[in-house]
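Reading through the structure tokens given below for one structure.
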Protein chains: 2
Amino acid sequence: MSKESKCQKDGRTHLCLCPLEGVIDVISKKWTLLIINVLGNCEKLRFNGLMEQLEGVSPKTLSDTLKALQKENLIMKETFNEIPPRVEYSLTADGKELRKAIVPLLKWAAERDCLPKQKCVQNYRNKPSHRIEL
Amino acid sequence: MSKESKCQKDGRTHLCLCPLEGVIDVISKKWTLLIINVLGNCEKLRFNGLMEQLEGVSPKTLSDTLKALQKENLIMKETFNEIPPRVEYSLTADGKELRKAIVPLLKWAAERDCLPKQKCVQNYRNKPSHRIEL
DNA sequence: CAGAATCCAATTGGATACTG
DNA sequence: CAGTATCCAATTGGATTCTG
């Protein structure tokens, strides 16, 4: 989804950034909510730590998503000059706000597991990224 | 995003529906949050009413999204046998729960309009789908 | 370890025209 | 009015291999 949408004002077409559409860009990316959530749970995580917590994400996708989240100022990256390299990701203040804001959504989602089609009700909570710590 | 993910249990691989991933499927669709929001604002809306409120959605996309939301039992459709035809969409109880759950997210989004890059701060609130009524 | 690079399949969604 | 039918361009994200 494009971040820019057109607004009409006094006959001229110009660009605006609509926050609601902006947030949809952010949270609609497949792994975003999960990342925000686990970083909320764990405080700091390294690249491979995230790979594990997320279970199934590819390095490319994770890398892309992390960059997008940094650009949005939702997570921060701390690099240590060591060998082997160490990099730690954590939520920014904005990211923590977002995490708070999605908690009701996560709870709503978690409570929907009474749907008939599900077969793995007892198991999914074992997935680290599905744990919600308040 | 696929609705099914694999879970391991006692050596066997079987399918499960993880609610957290399920909800991401739902809300990550481009117009979903906007639809849930305007239906929360307006109670009942007809197809073309939604088209107007949403400003920029194509009939195909709206139609697809509405079907998906019905399937998820988030909105309901009421058809009247009249000519010309009349159809009204509204939130189900589940949909209303979802709406409540996303309010913090919408507010968070609305408060982010202090970002530097924006040029249309005064205007976006005029977009009906961006109004949030509590 | 923390990614970058490449390639590719599937999904998404927009534009447009048409219909009961 | 409330969609459906087509067609198509762009985006997304997975698999895999490689590297500082």
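Lettering follows sequence order; numbering is per chain, from 1.
- The side chain of A/Phe47 lies closest to C/dA2, out of D/dG14, C/dA2, C/dG13.
- When the P atom of C/dA10 is taken as reference, atom NZ of A/Lys30 falls 14 Å away, rounded to whole Å.
- Checked by atom type and distance alone, the side chain of A/Thr32 pairs as donor or acceptor with a backbone atom of A/Val26 at under 3.5 Å.
- Whole-Å rounding puts the A/Leu54 CG to C/dA2 C1' distance at 15 Å.
- A straight line from CG of A/Leu62 to P of C/dA4 spans 10 Å, rounded to a whole angstrom.
- Phosphate proximity of C/dA2 to A/Lys77: absent, as no side-chain N or O sits under 4.0 Å from OP1 or OP2.
- In this structure, B/Lys67 NZ and B/Leu62 CG are separated by 10.5 Å, a value rounded to the nearest 0.5 Å.
- Here the straight-line distance linking atom CG of B/Leu45 with atom SG of B/Cys42 works out to 4.5 Å at 0.5 Å rounding.
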Please tabulate, for side-chain N and O atoms in residues 78-85 of chain B, each donor-acceptor pair with protein atoms closer than 3.5 Å (sequence neighbours left out).
| from | atom 1 | to | atom 2 | distance (Å) |
| --- | --- | --- | --- | --- |
| B/Glu78 | OE1 | B/Lys44 | NZ | 3.4 |
| B/Glu82 | OE1 | B/Arg86 | NE | 3.3 |
| B/Glu82 | OE2 | B/Arg86 | NH2 | 2.9 |

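- Taking atom CG on B/Asp64 and atom P on D/dT6, their separation rounds to 14 Å, with Å as the unit.
- Summarising the geometry, atom CG belonging to A/Leu39 is positioned 7.0 Å from atom OG belonging to A/Ser90; distances are rounded to the nearest 0.5 Å.
- Between atom CD of residue A/Glu55 and atom CG of residue A/Leu34 there is a gap of 10.0 Å, rounded to the nearest 0.5 Å.
- Rounded to whole angstrom, the span from the NZ atom of B/Lys67 across to the C1' atom of D/dA5 amounts to 11 Å.
- Distance B/Leu50 CG to D/dC1 P: 14 Å, rounded to the nearest Å.
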Scan nucleotides 5-9 of chain C against the protein and return all N/O pairs shorter than 3.5 Å with their distances rounded to 0.1 Å.
none

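- Going from atom NZ of A/Lys29 over to atom P of D/dG14 covers 11 Å, rounded to whole Å.
- Less than 4.0 Å separates DNA chain C from at least one heavy atom of each of the following residues of residues 81-91 of chain B: B/Pro85.
- For the pair B/Thr61 and C/dG14, the criterion of a side-chain N or O lying under 4.0 Å from OP1 or OP2 is met.
- Here A/Lys77 contributes atom NZ and A/Ile75 contributes atom CD1; the two are 9.0 Å apart, rounded to the nearest 0.5 Å.
- Put simply, A/Arg46 has a side-chain N or O that comes within less than 4.0 Å of OP1 or OP2 on C/dA2.
- With hydrogens and angles ignored, the 3.5 Å screen pairs no side-chain donor or acceptor of A/Thr61 with any backbone N or O of A/Val57.
- For C/dA15, the OP1/OP2 oxygens have no side-chain nitrogen or oxygen of B/Ser58 closer than 4.0 Å.
- One atom, CD1 of B/Ile27, and another, P of C/dT12, lie 14 Å apart when rounded to the nearest Å.
- Judged by distance alone, with hydrogens and angles left aside, the side-chain atoms of B/Thr92 form a donor-acceptor pair with the main-chain N or O of B/Asn73 at under 3.5 Å.
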